[in-house]
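Along the sequence shown, residues carry numbers from 1.
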Amino acid sequence: QVQLVESGGGLVQPGGSLRLSCAASRSIFSIGAMVWYRQAPGKQRELGASISSGGSTNYADFVKGRFTISRDNAKNTGYLQMNSLKPEDTAVYYCNANLNGRAGCTNYWGQGTQVTVSS
């Protein structure tokens, strides 16, 4: 079974907003730390934001004041709210999380979701 499923990407105009979701399977007991990365064409993957199992957050400079990472433990889902989007935000966005299940604690990647910011 797929353990992490991403959704919410798409095409948005500069200055617009998107909310990305990263949902764990119902077979997962709980989510530990979750991290959002992005990778633009021709560039290496870069860290965007992270949230600990206790809810502590950290942000890279390129998202400060614009993006918010959050989690809903009851839904086994993490979110990345993206506001004031810029063309340079265009990239594939990936979530990564530690998942606690029957097999113990295991690290997983989401499949990636495309975000395109263009007029």
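- Residue L80 is grouped with residue Y108 when hydrophobic side chains (ILVMFWY) are merged at heavy-atom distances under 4.5 angstrom, including chains of intermediate members.
- For R26 (side chain) and N76 (main-chain N/O), no donor-acceptor pair under 3.5 Å exists by modelled atom type.
- At distances below 3.5 Å, at least one donor-acceptor pair connects side-chain atoms of T90 with backbone N or O atoms of V117.
- Counting only residues at least two apart or in different chains, side chain to side chain donor-acceptor pair (under 3.5 Å) contacts with residues 41-55 comprise R38-E46.
- Here the shortest heavy-atom pairing between G112 and E6 reads N-OE2, 3.1 Å.
- Within the structure, the ring pair (Phe, Tyr, Trp, His ring centres under 6.0 Å) test picks out no pair touching residues 12-35 (sequence neighbours left out).
- One distance of note links SG of C95 with CD1 of I51; it measures 13.0 Å at 0.5 Å rounding.
- Applying the salt bridge (Lys or Arg N to Asp or Glu O under 4.0 Å) rule to pairs touching residues 94-119 yields nothing, sequence neighbours excluded.
- To the nearest 0.5 angstrom, N58 atom CG is 9.5 Å from I69 atom CD1.
- By the 4.5 Å heavy-atom criterion applied to side chains, Q3 and T106 are not counted as neighbours.
- No side-chain donor-acceptor contact under 3.5 Å links T77 and D72.
- Judged purely by distance below 3.5 Å, without hydrogens or angles, the side chains of S25 and S27 pair a donor atom with an acceptor atom.
- A side chain to side chain donor-acceptor pair (under 3.5 Å) check over residues 8-20, counting only residues at least two apart or in different chains, returns the pairs S17-N83.
- Residue pairs meeting the ring pair (Phe, Tyr, Trp, His ring centres under 6.0 Å) criterion with at least one member in residues 32-67, sequence neighbours excluded, are Y37-W109.
- Residues meeting the side chain to side chain contact (heavy atoms under 4.5 Å, CB included) test with V92, sequence neighbours left out: Y94, Q114.
- Annotation: the span from I28 atom CD1 to L99 atom CG amounts to 4.5 Å, rounded to 0.5 Å.
- Residue N98 is tested with N107, I31, V35 for a side chain to side chain contact (heavy atoms under 4.5 Å, CB included); the sole match is N107.
- Within the 4.5 Å cutoff, side-chain heavy atoms of V115 are placed close to those of L20.
- Salt-bridge check for K86 with D89: failed, with every basic side-chain N at 4.0 Å or more from each acidic carboxylate O.
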